[in-house]
Amino acid sequence: MDEARMSPQRSAKAGKKGDRAAGVSLPVLPEEKAGTTRIARSRNAPKRAIVLIFVQVLIILHIVQWLITGTTTTPIEPSEAMEFGRSGIINAGLIFFAVALLSTLILGRWFCGWGCHVVLLQDWCAWMMKKCGIRPKPFRSRLLVYVPLILAAYMFLWPAFLRLVIAPYVPDLHRRLVPWELETELITSDFWATFPGVMVAIPFLFICGFAAVYFLGSKGFCTYGCPYGGFFAPLDRHARGRIRVTDACEGCGYCTAVCTSNVRVHEEVRDFKMVVDPGCMKCMDCVSVCPKEALYFGFGPAPPKEAKLPAAKRSVQYDLSWPEEIVLAIVFLVTFLAWRGAYGLIPALMAIGIAGCVTFLAWKLWRLLRDANVTFHRHRLRKHGRITAGGWTFCCTAALAVAATIQIGIVEASYHLADRADDRVTVPLGVAFGLSEGQVTEAQRAHARAGLRWYRWASEVRAGGVGWPSPRQPIIDRRRAWLLAVIGSHDEAEAVLEQSKRDYGPTETLMEGLYLAALGQGENERAYALAEATLREHRTYHDLLSRVVQHMVDDGKISRGIDLCRERLDAFPDDARTMGLLALLKLEQGEMTSARSLLERARDAEPEYAGAYILLSMVDLQGGDAQAATQTLLAGLEHNPKSLPLLERLVDLLHRTGRRDQAASYEQRLEEAREAARRDRLGRTRGVAE
Ligand code: SF4
Ligand code: SF4
């Protein structure tokens, strides 16, 4: 039966049916006859749905505008505010979040009910479920309600704590942190940089929508997962704008029955003359259904002190005993850590949703094994000690969820350990592939072997691990090949890369690995042939091209390098970087005119290509014309104003030619470019794994 039409008696019964469930027992209006009372539908719900849909339309228009014009305002999304703690960036998301927080101090927690897309998703899922006869029942826990607060602190405050309190005592950590510098970033050309792709967004909608609502209640994700709620809820406690009550209230409890945020409205207004629960999202459904029109949103005194007591000290019933609370909090934490960033795909919010659902399933599974009678929603899972067909289905689902979590935990822990061991391998590339002098120490070999062992566990099944195929596997393959090279198994490294190429297709790094593995086995001719064939096909593999040509030059085969560049120019006539490399070879051979003409072609083909200006300036300098060299570099900066190599060359040249004042005017820009390069290296934007 539709919740809005459920009689209070029926509602009370539904509460008692659940196994130790915390049902809401509603009083009855004295003048109503039992069984005839109907709670009116909220007149406010459609209005709120329209507002929430309008918000989604604005978001879509924002994306469309970006797709059409190529640039737009940075995402107006609270998660973007994390950048401020990490690197000092003030973006549109931070400004929006700050305004939402300040308004919460006045109006209470309105944003969740009227502006959040996850609430729209949950409302829609709850509505769909009701249409299917499923009435989401809230899951009440004392400890798990602190998850949003902890998550908020972790996402928004921990980066600042790490930087200000911990990093000063850990020099290595300080070096690895992104520099913190106040900077405004309101416009972006890469709107989607911090959002997950479709392959993650769809399961996210399913888990944070249907699954969270089904297992944890209509606002399950808000209650147990939303980090923004971790800020909104404490601020709401101080807001003067609240749902308040007049003397007309007769305590029927319809308001409580209609509230999907699990607020015990009729008790709170009875005790405090206002709703004090910070879970109240000011959706106004309770105001709308009150038959006595006793509720209203208004300003007045702040909640009394006793209203701020933890809910446990008031008369709230919980689904869990204290030992269960503690065990399930640990299960939640472990599950979250296992899923967070799994395969480099699962964002933190989704991991929270999964952790909430898995924790619920694990708890219910435990109850199913322990108790003689267990129900879930309207289904009997166990009756008089006998597990029903539905119970077995539930058992299998819960066992699968737990098994998947264990499996993913093993994969992620292995990957983490492999990564740590891999980090400790600091052998130069040339030494690992026998291209330059040097020895791999036994300690380095030990780290490499440890890395290989853990990478194997973290791999998909076909590669000897326990994971699923994922976009991370090619990365693991490359790292394994590298570590195999470090321990001297170049043939095995090659086999790993060949398999990866067959499974996932070639990439530049992979082909570079294959090339180096062939060189490592002393098969230079095979390596060159492989590289030549690859470079004839792939225009963008410029790093591989540079490496191969350098090796050819070192090998005394400069003409072969020239032929390779020419072949590439036949295939890709406007490839500026190949022209630049060919010009460099011409310079080696002393053919200045030919080099200059190639570089001018490269500059015209790709005006942003810094290498063309740098090499042209070298040609100018070789001709003894420092002024022309300076002009060439300045011309390059006009097209590529933040180019670090151009700025370095220019400042160096100005110093060497005694023009210190002019050099000083570029030093500030040079510093900024160095800082930007460092930020880039450290990965300024967070990935989906966060
Ligand atoms: S506020 Fe209205 S709906 Fe809630 S208990 Fe009082 S009379 Fe009933
Ligand atoms: S208490 Fe009222 S306004 Fe607050 S969330 Fe519940 S129904 Fe909405």
Side-chain angles (χ1 to χ4, degrees), residues 2-6 8 11 22 24 26 39-52 103-104 106-116 118-124 126-127 130 135-138 140 145 148 213 216-224 226 228-229 232-246 248-249 251-300 303 307 311 314-316:
D2 191 303
E3 179 190 63
R5 298 179 63 218
M6 180 182 277
S11 176
V24 177
L26 303 179
I39 302 175
R41 282 177 189 279
S42 166
R43 292 185 308 279
N44 208 53
K47 288 184 210 159
R48 199 164 60 87
I50 289 169
V51 172
L52 285 169
S103 63
T104 302
I106 301 164
L107 301 171
R109 189 179 178 172
W110 67 273
F111 175 80
C112 304
W114 295 86
C116 175
V118 181
V119 163
L120 176 66
L121 175 70
Q122 289 178 112
D123 285 352
W124 179 69
W127 179 78
K130 276 185 206 161
R135 182 169 178 259
K137 191 166 81 66
R140 292 175 191 271
V145 288
V213 169
L216 306 174
S218 300
K219 294 288 188 297
F221 186 78
C222 305
T223 313
Y224 296 115
C226 179
Y228 316 124
F232 288 129
L235 290 178
D236 179 272
R237 289 181 190 278
H238 302 281
R240 299 297 176 101
R242 319 196 75 85
I243 304 294
R244 296 176 186 273
V245 73
T246 66
C249 172
C252 65
Y254 287 10
C255 45
T256 299
V258 83
C259 178
T260 52
S261 298
N262 311 331
V263 178
R264 299 169 75 86
V265 188
H266 70 294
E267 289 177 3
E268 296 206 350
V269 296
R270 179 196 65 206
D271 296 345
F272 306 113
K273 295 288 174 204
M274 66 184 92
V275 170
V276 295
D277 191 320
C280 169
M281 297 176 183
K282 315 295 177 271
C283 71
M284 310 290 281
D285 285 346
C286 53
V287 175
S288 172
V289 302
C290 174
K292 296 292 169 188
E293 298 188 351
L295 293 172
Y296 65 100
F297 175 85
F299 294 89
R314 292 191 259 123
S315 60
V316 178

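FYI, side chains are in, hydrogens and waters are out, and symmetry mates aren't considered; it's all heavy atoms of this structure. Start at 1 with the first residue, then count along the sequence. Each ligand, and each atom within it, is numbered from 1 in the order the structure gives. Because the structure is a prediction, the values reported are computed rather than measured.
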**OP:** Might you point out which heavy atoms bring Cys280 and Ile243 nearest each other, and give the distance in Å?
**Re:** SG-CG1, 4.0 Å
**OP:** Heavy-atom contacts with Ser261 under 4.0 Å: which atoms of ligand 2 show up? List them by number with element.
**Re:** 5 (S)
**OP:** Determine whether any heavy atom of Val265 lies closer than 4.0 Å to an atom of ligand 2.
**Re:** yes
**OP:** Applying side chain to side chain contact (heavy atoms under 4.5 Å, CB included), run through Tyr296 and Met284 and close with a yes or a no.
**Re:** CA-CA 8 Å; Tyr296 65 100; Met284 310 290 281; over 6 Å; no
Original post:
Which heavy atom of Asp123 sits nearest a heavy atom of Leu52, and at what distance?
Top reply: OD2-CD1, 4.3 Å
Original post:
What is the nearest protein non-hydrogen atom to atom 6 (Fe) of ligand 2, stated with its residue, atom name and distance?
Top reply: Cys259 SG, 2.3 Å
**OP:** Starting from atom 4 (Fe) of ligand 2, find the nearest protein heavy-atom neighbour and note its residue, name and distance.
**Re:** Cys280 SG, 2.4 Å
**OP:** Using a strict cut-off of 4.0 Å, indicate which atoms of ligand 2 neighbour a heavy atom of Cys283.
**Re:** 3 (S), 5 (S), 7 (S), 8 (Fe)
**OP:** Could you pull out the closest heavy-atom pair between Gly108 and Lys282, with the gap in Å?
**Re:** CA-CE, 3.9 Å
Original post:
Nearest protein heavy atom to atom 5 (S) of ligand 2, by residue and atom, and its distance?
Top reply: Met281 N, 3.3 Å
Original post:
Has the side chain of Thr260 got a donor or acceptor atom that lies under 3.5 Å from a matching backbone atom of Ser218?
Top reply: no
Subject >> Atoms in ligand 2 with a heavy atom of Lys282 nearer than 4.0 Å >> reply: 3 (S), 4 (Fe)
Original post:
Under 4.0 Å from any heavy atom of Cys286, which atoms of ligand 2 are there?
Top reply: 1 (S), 2 (Fe), 3 (S), 7 (S)
**OP:** State, yes or no, whether a side-chain contact exists between Val119 and Lys219 at a heavy-atom distance under 4.5 Å.
**Re:** yes
